[in-house]
Amino acid sequence: AGAWITTDFGGYWQRVRGLPDTAVVEADRVDEGIYYALDRISGALYISGNGGVDFKQTEGGIGDYGDWFRPELRPHPGKVGVVYINAAWRGLVRWSAGKLDRVQGVDFVQSFGLGKGIDGSDVPALFVAGKVEGKQGLFRSDDDGSHWQRIDDDAHRFGRIGRVTGDARVHGRVYIAASGRGVLYGEPK
């Protein structure tokens, strides 16, 4: 149980210090020394600056998730110290510069992912399966949540979406894992 780390490809393992057993861990995509963790029970956010060996709890947090929900952390693909967090009924939040900010318009997140941004932009495409601006569906934002576009419709809901993510190489392409329907993908026409 809990998080463990190895620095020699599995020859020796040591327990990560400073994390509860219920934490979900993700690595920064730019700085190999930074790791993020979120406790799925309490919603506390933790940061490691030494490659995931030790974690320290940050100020603030998401709040209680309960044991029925697994949080998702998605570090920004091109910026150090920026991570997006699925906060369920609290929406989508972004941790940056030592503070949490709620991403505009997102009411509830079932799952979310990041994808390649518009050419020339350092902002990743955000994909959300959940409720945005009061409507249930699958959504994409190309401007860090300032505007959202629904990318499914009432006739194409795909059942319960368990996971969603964008393609890191093709802008607008989205992959979804739908209950009982396998993995589907789509892209703008």
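If you're wondering where the values come from, they're calculated on a predicted model, not measured in any experiment.
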(request) Count the heavy atoms belonging to other residues, nucleotides or ligands that lie under 6.0 Å from CD of Glu32, then report whether that count exceeds 12. (result) no
(message) Does Lys116, at its NZ atom, have more than 12 non-hydrogen atoms belonging to other residues, nucleotides or ligands within less than 6.0 Å?
(response)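 Enclosed.
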Which heavy atom of [X] sits nearest to which heavy atom of [Y], and what is that distance?
{"X": "Gly81", "Y": "Asp28", "result": "N-OD2, 3.1 Å"}
{"X": "Gly172", "Y": "Pro188", "result": "O-CD, 3.4 Å"}
{"X": "Gly113", "Y": "Arg74", "result": "CA-NE, 4.3 Å"}
{"X": "Asp107", "Y": "Gly134", "result": "OD2-N, 2.7 Å"}
{"X": "Val30", "Y": "Pro77", "result": "CG2-O, 3.9 Å"}
{"X": "Ile161", "Y": "Ala129", "result": "CG2-CB, 4.0 Å"}

(message) Run Gln14 and Thr7 through side chain to side chain contact (heavy atoms under 4.5 Å, CB included) and show every step you take.
(response) CA-CA 9 Å; Gln14 69 182 38; Thr7 58; over 6 Å; no
Does [X] reach the main-chain N or O of [Y] with its side chain, forming a donor-acceptor pair under 3.5 Å?
{"X": "Arg102", "Y": "Arg90", "result": "yes"}
{"X": "Arg17", "Y": "Arg15", "result": "no"}
{"X": "Ser111", "Y": "Val164", "result": "yes"}
{"X": "Asp31", "Y": "Val80", "result": "no"}

State yes or no: do [X] and [Y] share one hydrophobic cluster built from I, L, V, M, F, W and Y residues joined by side-chain heavy-atom distances below 4.5 Å, directly or via other members?
{"X": "Tyr175", "Y": "Val170", "answer": "no"}
{"X": "Val25", "Y": "Val53", "answer": "yes"}
{"X": "Val174", "Y": "Tyr185", "answer": "no"}
{"X": "Leu45", "Y": "Val24", "answer": "yes"}
{"X": "Phe55", "Y": "Ile34", "answer": "no"}

If you round to the nearest 0.5 Å, how far is [atom2] of [Y] from [atom1] of [X]?
{"X": "Asp54", "Y": "Leu19", "atom1": "CG", "atom2": "CG", "result": "9.5 Å"}
{"X": "Gln57", "Y": "Glu59", "atom1": "CD", "atom2": "CD", "result": "10.0 Å"}
{"X": "Ile5", "Y": "Ser48", "atom1": "CD1", "atom2": "OG", "result": "7.0 Å"}
{"X": "Arg173", "Y": "Thr165", "atom1": "CZ", "atom2": "OG1", "result": "12.5 Å"}

(message) Exactly one of Gln149, His171, His147 should register a side-chain hydrogen bond (donor to acceptor under 3.5 Å, both in side chains) with Asp142. Which one does?
(response) His171
Are the side chains of [X] and [Y] in touch, meaning some heavy atoms are under 4.5 Å apart?
{"X": "Pro20", "Y": "Ile41", "value": "no"}
{"X": "Val128", "Y": "Tyr84", "value": "no"}
{"X": "Phe127", "Y": "Ile176", "value": "no"}
{"X": "Ile47", "Y": "Lys56", "value": "no"}
{"X": "Gln110", "Y": "Gln136", "value": "yes"}
{"X": "Leu38", "Y": "Arg40", "value": "no"}
{"X": "Ile62", "Y": "Leu100", "value": "yes"}

(message) Which residue in the set Tyr35, Trp95, Tyr36 passes side chain to side chain contact (heavy atoms under 4.5 Å, CB included) when paired with Pro75?
(response) Tyr36
Hey, are [Y] and [X] close enough side-chain-wise for a donor-acceptor pair under 3.5 Å?
{"X": "His76", "Y": "Asp122", "result": "no"}
{"X": "Asp144", "Y": "Ser146", "result": "no"}
{"X": "Asp39", "Y": "Tyr46", "result": "no"}

(message) Between Phe139 and Val106, does the side chain to side chain contact (heavy atoms under 4.5 Å, CB included) criterion hold? Intermediate values first, please.
(response) CA-CA 10 Å; Phe139 300 86; Val106 182; over 6 Å; no
(request) Step by step, work out the side chain to side chain contact (heavy atoms under 4.5 Å, CB included) result for Arg150 and Asp152. (result) CA-CA 6 Å; Arg150 185 170 177 197; Asp152 68 348; 2.6 Å; yes
(message) Using the rule given for side chain to side chain contact (heavy atoms under 4.5 Å, CB included), can you reason through Leu126 versus Phe112, listing the C-alpha separation, both sets of side-chain angles and the distance that settles it, and then say yes or no?
(response) CA-CA 7 Å; Leu126 302 175; Phe112 85 103; 5.5 Å; no
